[in-house]
Amino acid sequence: MATLTVATWNVNSIKIRQDGVADWLKTVAPDVVALQELKCETKAFPVAPFEDLGYNCAVHGQKSYNGVALLSKFPIEDVTTTLPGDGDDGQARYIEGVISLDGQALRIASIYLPNGNPVDSDKYAYKLVWMRRLKEHARAVLAHEEMLVLAGDYNVIPSERDVHDPEAWRGDALFTLETRRAFREIVHLGLTDALRACDDAEDRYTFWDYQGGAWPKNHGIRIDHLLLSPEAAARLTGCRIDRGRRGGEKPSDHVPVVAEFRI
DNA sequence: ATGCCGGGCGAAGCCCGA
C-alpha cells in the first residue's frame, strides 16, 4: 500500500518564495503540488530549484498577476489551461494535468479563482461567471470517473465556521450567499471537501491577512480547498493545514493544505 | 473597515490582493 501526497499552496510570488517552497518540498516531500499566484511569466518560472528536488513542472504564468503551476514527482501529461467559454480570458488562473501512477491516473487541477471584490464591480461578475465555467468543466471531468483533485485558492469561505468573525466578512465577495451558493453548486456535482472530510473543527484557516496583526490574533479564513471526485475521496486517508508556514521570514499570506491517499 | 502589509513594476507611487 503506497501513499500519495497531494498539496495546494498560494505562494504569493514564486520568485520571492522559491527558497521557502523548496525548503517546504524537502520537509513534506509531497508527490504532487498545485501552486497559485506565481506573479511571473511562464518562461520566468524558476524551474531549476524544483527540478533539482525531482519535480516536473507544468506552468501557466502571466506577467505581474495570477499564474498557476503543477509540480509532480511523476510525469505530467495532457496539460490544459482553459475552461469552457475561455474566449479572450487573458488571466492565467487554471492548469490541469494527468499524473500517471502505477496502473492508474490522477487528474489534478491548480485553480486560482477570482477574488471578486468589490461586489458592485465587474470583478464580482467575472468571479461568478468564472465559477459557472469551472462548474461546467468539473461536470465534464467527473464523467471520467477517475481520481480527480480540484485544488487551489477558491477565494470562497464555504461556511460560517470557516471564518474567525463572520460579521466582519458579511458582504465580502468571498462570503456572499451568492458566492457560497455557486461554490456549493460545484461541490454538489459530487465532490468532497478533503479537509472537512477529515477535520470538522473550527479554527481551521488557510489565509491570514498581512495587515492588522491578523496572524498573531488568528483572524483567519479557510479559502484554499482540495475538492475530490468520489474515486479520490474513497482513497483519502488524511488532510491537514500546514499552519507553521505562516510564521518565519517572508511568509506567503496563505499556507499549504496537504491531503494523503492510499493507492 | 479599509489599504495599517506585501508584492509587481520600475525607480515614485500606484495597482492589486482578500
Side-chain angles (χ1 to χ4, degrees), chain A residues 8-21 24 34-46 59-69 89-94 110-131 134 151-183 195 203-225 241 243 245-257:
Chain A
T8 184
W9 195 5
N10 177 321
V11 295
N12 186 16
S13 169
I14 193 61
K15 288 178 185 172
I16 291 289
R17 223 71 64 197
Q18 59 181 292
D19 291 346
V21 173
W24 176 77
L35 300 176
Q36 302 87 36
E37 227 179 339
L38 307 176
K39 293 185 171 176
C40 80
E41 293 179 281
T42 301
K43 61 176 186 280
F45 184 90
V59 181
H60 181 38
Q62 174 186 344
K63 187 180 177 71
S64 305
Y65 305 113
N66 309 317
V68 285
D89 186 349
Q91 301 194 26
R93 295 181 175 276
Y94 190 85
S110 181
I111 292 164
Y112 181 43
L113 206 146
N115 174 304
N117 277 307
V119 292
D120 60 356
S121 71
D122 55 2
K123 293 181 180 180
Y124 187 58
Y126 175 70
K127 175 177 192 157
L128 295 174
V129 168
W130 207 96
M131 293 182 83
L134 178 61
D153 174 2
Y154 279 77
N155 272 316
V156 176
I157 302 166
S159 75
E160 302 231 339
R161 74 188 198 290
D162 297 311
V163 49
H164 76 281
D165 180 2
E167 293 313 315
W169 288 84
R170 200 79 66 194
D172 191 281
L174 281 64
F175 196 50
T176 61
L177 292 176
E178 203 172 19
T179 293
R180 289 154 65 187
R181 181 172 62 207
F183 182 74
L195 192 280
D203 182 26
R204 293 292 180 263
Y205 306 136
T206 65
F207 168 91
W208 297 261
D209 200 299
Y210 288 121
Q211 301 176 85
W215 167 243
K217 289 189 282 196
N218 196 27
H219 288 180
I221 53 178
R222 191 176 73 92
I223 56 174
D224 299 271
H225 310 298
I241 297 168
R243 281 178 69 97
R245 291 287 153 178
R246 188 60 178 79
E249 300 249 325
K250 284 203 162 290
S252 171
D253 39 7
H254 298 247
V255 294
V257 185

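Convention: sequence-line order gives letters A, B, ...; per-chain numbering from 1.
Legend: residues meeting ring pair (Phe, Tyr, Trp, His ring centres under 6.0 Å) with A/Tyr154, ordered by chain and number and at least two apart, are A/Phe183, A/His225. Under the ring pair (Phe, Tyr, Trp, His ring centres under 6.0 Å) criterion, A/Phe207 pairs with A/His254, not counting sequence neighbours. Residues passing the ring pair (Phe, Tyr, Trp, His ring centres under 6.0 Å) test with A/Tyr65: none are found, sequence neighbours excluded. For the salt bridge (charged side-chain N to carboxylate O under 4.0 Å, His left out) test, residues two or more places apart in sequence or in another chain that qualify with A/Arg243 are A/Asp203.
Remark: the separation of the C1' atoms in B/dA12 and B/dG7 is 16 Å, to the nearest Å. Of the C1' atoms belonging to B/dT2 and B/dG17, the separation is 13 Å, rounded to the nearest Å. Separation of the P atoms belonging to B/dC4 and B/dC16 is 16 Å when rounded to the nearest angstrom. Nucleotides B/dG10 and B/dC15 have their C1' atoms positioned 13 Å apart, rounded to a whole Å.
Rounded to an integer number of Å, the gap from A/Glu37 CD to B/dC15 C1' is 13 Å. Spacing between atom NZ of A/Lys217 and atom P of B/dC5 amounts to 11 Å, rounded to whole angstrom units. Look at CZ on A/Arg170: it is 16 Å from P on B/dT2, rounded to the nearest Å. One interatomic measurement links the two molecules: NE2 of A/His254 to C1' of B/dG6, which rounds to 12 Å at whole-angstrom precision. Rounded to an integer number of Å, the gap from CG of A/Asn155 to P of B/dG17 is 9 Å. One can place CD of A/Gln91 at 14 Å from C1' of B/dC15, the figure rounded to the nearest angstrom. In this entry the distance linking CD of A/Glu167 with C1' of B/dA1 reads 14 Å, nearest Å. Protein atom NZ of A/Lys123 is 10 Å distant from nucleotide atom P of B/dC15, rounded to whole Å.
When only modelled atom types and interatomic distance are considered, A/Ser252 and A/Asn12 share no side-chain donor-acceptor pair under 3.5 Å. For the 3.5 Å distance criterion, the side chains of A/Lys123 and A/Asn117 fail to qualify, holding no donor opposite an acceptor. Residues A/Tyr124 and A/Glu178 bring a donor and an acceptor atom of their side chains to less than 3.5 Å of each other. Looking at A/Asp253 and A/Trp208, their side chains never bring a donor and an acceptor atom within 3.5 Å of each other. Between the side chains of A/Ser13 and A/Glu37, not a single donor N or O lies within less than 3.5 Å of an accepting N or O.
Counting non-hydrogen atoms under 4.0 angstrom, A/His219 reaches nothing in the nucleic acid. A/Lys127 comes within 4.0 angstrom of nothing in the nucleic acid, heavy atoms only. The residue A/Asp165 sits apart from the nucleic acid: no heavy atom pair falls under 4.0 Å.
When each of A/Asp209 and A/Asn10 is assigned the nucleotide of DNA chain B with its nearest heavy atom, A/Asp209 is the one assigned upstream, toward the 5' end.
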For nucleotides 7-11 of chain B, give me every protein contact, N/O to N/O, under 3.5 Å, one pair per line with atom names.
residue	atom	partner	partner atom	Å
B/dG7	OP1	A/Arg17	NH1	3.1
B/dG7	OP2	A/Lys250	NZ	2.6
B/dG7	O3'	A/Ser13	OG	3.3
B/dG8	OP1	A/Ser13	OG	2.5
B/dG8	O3'	A/Ser64	OG	3.4
B/dC9	OP1	A/Ser64	N	3.4
B/dC9	OP1	A/Ser64	OG	3.1

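The stretch residues 171-182 of chain A comes close to DNA chain B through A/Leu174, each having a heavy atom under 4.0 Å from the strand.
Rounding to the nearest 0.5 Å places OG of A/Ser110 at 9.5 Å from CG of A/Asp153.
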